[in-house]
Amino acid sequence: HIHHIMTGPIPDPNAYPRRSFITRNGRNITIPVLAFPSVALAIYSSDDDQPIANEAVRHAVEDLEISYFDVAPEYGDGVAQLRLGE
């Protein structure tokens with residue numbers, strides 16, 4: 001059973017600061033400065049923890065409209081990447 005920790009109104013995603021970038025193929029894009037710190041998923045190392053990780057990612061994407069995920073193989077020796085990929 002998963003419980004939401006956040007209380008109160010969900011922040012307005014349009015209020016998040018964004019940064020402009022030019023891609024290698026010349027496209028001008030913006031990405032949010034606010035990222036999901038997937039290192040936090042590394043503490044969920046048991047397969048039984050996947051639903052908790054799924055809920056955290058769902059909340060970030062659907063409720064907060066976060067589209068930038070900071071991830072590296074060093075985060076929990078690959079656990080964060082695994083949890084994010086599931």
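Note that the structure is predicted; figures quoted are calculated from it, not measured.
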Inset, instruction - Determine, using the 4.5 Å side-chain heavy-atom cutoff (strictly less than), whether L64 and V71 are members of one ILVMFWY cluster. - result: yes
Inset, instruction - Step by step, work out the side chain to side chain contact (heavy atoms under 4.5 Å, CB included) result for V79 and R83. - result: CA-CA 6 Å; V79 171; R83 294 289 161 251; 4.1 Å; yes
Legend entry - D77 atom CG: more than 12 heavy-atom contacts under 6.0 Å: no
Legend entry - Nearest heavy atoms of P37 and A35, plus distance in Å: CD-O, 3.4 Å
Inset, instruction - Locate the shortest heavy-atom distance separating Q50 from L82; write the atom from each residue and the value. - result: OE1-O, 4.4 Å
Inset, instruction - Kindly say whether A80 contributes a backbone atom to a donor-acceptor pair with the side chain of S38 at under 3.5 angstrom? - result: no
Legend entry - Spacing of CZ belonging to R58 relative to CG belonging to D63, to within rounding of 0.5 Å: 4.5 Å
Legend entry - Minimum side-chain heavy-atom gap T23-I29 below 4.5 Å: yes
Legend entry - Atom pair CZ/OH of R19 and Y68 - distance to nearest 0.5 Å: 10.0 Å
Legend entry - Nearest non-hydrogen partners of I22 and N28, listed with the distance: CG1-OD1, 4.3 Å
Inset, instruction - State which residues pass side chain to side chain contact (heavy atoms under 4.5 Å, CB included) with V57; sequence neighbours excluded, sorted by chain then number. - result: F36, L41, V61, F69, L84
